[in-house]
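Accompanying notes for the structure given below.
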Protein chains: 2
Amino acid sequence: MPISLDAIDRKILQALQDDGRLTNVELADRVGLSPSPCLRRVKRLEQEGVIRGYRAVIDRNAVSLGLTIFTEIKVDRHTRARADALQAALMAIPQVVSCHMVSGAPDFIAEVVVPDLAAYEALLSNVLLELPMVEDIRSNFSMRAVKTDSALPLPQE
Amino acid sequence: MPISLDAIDRKILQALQDDGRLTNVELADRVGLSPSPCLRRVKRLEQEGVIRGYRAVIDRNAVSLGLTIFTEIKVDRHTRARADALQAALMAIPQVVSCHMVSGAPDFIAEVVVPDLAAYEALLSNVLLELPMVEDIRSNFSMRAVKTDSALPLPQE
DNA sequence: TCATTATTGGCATGTTATGCCAATAATAAT
DNA sequence: ATTATTATTGGCATAACATGCCAATAATGA
């Protein structure tokens with residue numbers, strides 16, 4: 001059953017996407033409620049899992065993680081059925097900050113974050129290419145982050 | 001000049017990546033400081049741009065954004081030099097939640113979020129394929145989100 | 001060793017979160 | 001339409017928190 005969200009709920013989500021540390025007083029003001037019902041709605045959204053959590057967004061360059069790679073992984077045809085083990089392996093790699101199983105030419109697309117090329121080479125050789133079901137890996141190096149950590153396009157209806 | 005971060009700064013970043021709404025008292029406790037210097041450090045990290053902001057992480061399915069596509073865009077060779085206009089155009093599309101210029105076979109990889117296939121078809125036809133410098137577009141549909149919104153692998157040294 | 005600078009912890013004050021209750025608004029049944 | 005029922009709201013009181021200031025401590029360099 002999809003959770004029903006009214007206009008105020010969507011405003012709350014929008015506001016908290018823009019600034020996850022808004023005080024409840026400020027948030028209430030923005031969405032046109034008094035603090036008390038506003039807080040109840042936020043708690044409900046958290047409870048229901050609509051809000052999965054809160055994150056500080058960190059500048060990658062500032063923490064010496066200047067290299068982002070979109071790594072496309074192709075899986076051996078025979079192991080495609082039991083790709084669960086590969087998923088778990090990918091999920092456990094800290095440098096893989098996001099990963100999707102996709103329907104295109106590659107089977108997985110992973111976003112990998114490392115300090116530099118040497119670190120990526122090490123990860124590729126020692127970790128990614130060691131995964132047994134991997135048939136082929138193609139690396140797309142990010143030369144420029146055009147847009148990152150953007151808010152979701154919440155439907156307004 | 002790279003901003004120097006000591007062990008406590010890294011602990012702060014780690015903690016705020018895990019929970020961006022930690023109270024300063026709780027954060028101070030976790031990193032082994034009293035609230036006052038802890039708050040000063042957080043403010044400094046915000047000031048210096050190491051912390052770029054705070055975000056609520058929202059469940060895509062809960063807000064009817066169940067379809068994620070990694071759209072690979074290839075640019076006409078002659079327009080590659082002045083790709084700035086394309087970048088700006090991509091950045092302005094709300095459904096594009098992240099986008100990188102890459103060094104591989106495609107020139108851009110965009111992460112697109114829409115409610116369903118019909119919405120993607122509309123975006124593709126009416127927006128993406130209308131961009132004048134685009135030579136080819138390949139769509140990788142996410143069938144399963146293996147890992148999303150993961151924390152950065154902060155170096156511990 | 002001493003002087004200088006940066007960083008810390010504690011304290012006081014204003015702000016915020018949070019739980020409770022009565023009042024209001026929305027909904028459903030007759 | 002009217003009334004009963006339910007859900008949601010706003011206000012209030014209390015406890016926790018943020019924030020700025022100052023003296024004390026720790027780190028740094030001469």
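Letters A, B, ... mirror the listed sequences (proteins, then strands); counts begin at 1. Quick note: numbers below take in every heavy atom, side chains included, and nothing from hydrogens, waters or symmetry partners.
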query: Of the nucleotides dA18(D), dT16(C), dG10(D), which has the atom closest to the Val25(B) side chain?
result: dA18(D)
message: To the nearest 0.5 Å, what is the distance between CD1 on Ile93(B) and CG on Leu123(B)?
response: 6.0 Å
- request: Report the distance from atom CG of Asp29(A) to atom P of dG11(D), rounded to the nearest whole Å.
  value: 13 Å
- prompt: Can you tell me how far C1' of dT15(C) sits from CG of Leu27(A), to the nearest Å?
  reply: 16 Å
- request: To the nearest Å, give me how far apart CG (Leu33(A)) and C1' (dT8(D)) are.
  value: 10 Å
query: Nearest 0.5 Å, what's the CD1-CE distance between Ile109(A) and Met101(A)?
result: 12.5 Å
message: Could you tell me how far apart Leu39(B) (CG) and dT13(C) (C1') are, to the nearest whole angstrom?
response: 15 Å
field: Donor-acceptor pair under 3.5 Å, Ser36(B) side chain vs dG10(C) base
entry: yes
Presence of salt bridge, Arg60(A) and Asp149(A), under 4.0 angstrom: no
dA17(C) phosphate, OP1 or OP2, under 4.0 Å from Lys43(A) side-chain N/O: no
- prompt: Picking from dT9(D), dG9(C), dA18(D), which would you name as closest to the side chain of Asn24(B)?
  reply: dA18(D)
- request: Remember a base hit wins even if backbone is also touched, and classify Arg44(A) as base, sugar-phosphate or nothing at under 4.0 Å, heavy atoms.
  value: nothing
Length of the line joining Glu26(B):CD and dA17(C):C1', which is rounded to integer Å: 15 Å
- line: The side chain to side chain contact (heavy atoms under 4.5 Å, CB included) partner of Thr71(B) among Phe108(B), Phe141(B), Tyr120(B) is Tyr120(B)
query: For the pair made of CZ in Arg21(A) and P in dA18(D), what is the distance, rounded to whole Å?
result: 7 Å
- prompt: So, is Arg40(B) near the phosphate of dG20(D), with a side-chain N or O under 4.0 Å from OP1 or OP2?
  reply: no
message: Output the rounded distance in Å from CZ (Arg41(A)) to P (dA7(D)).
response: 14 Å
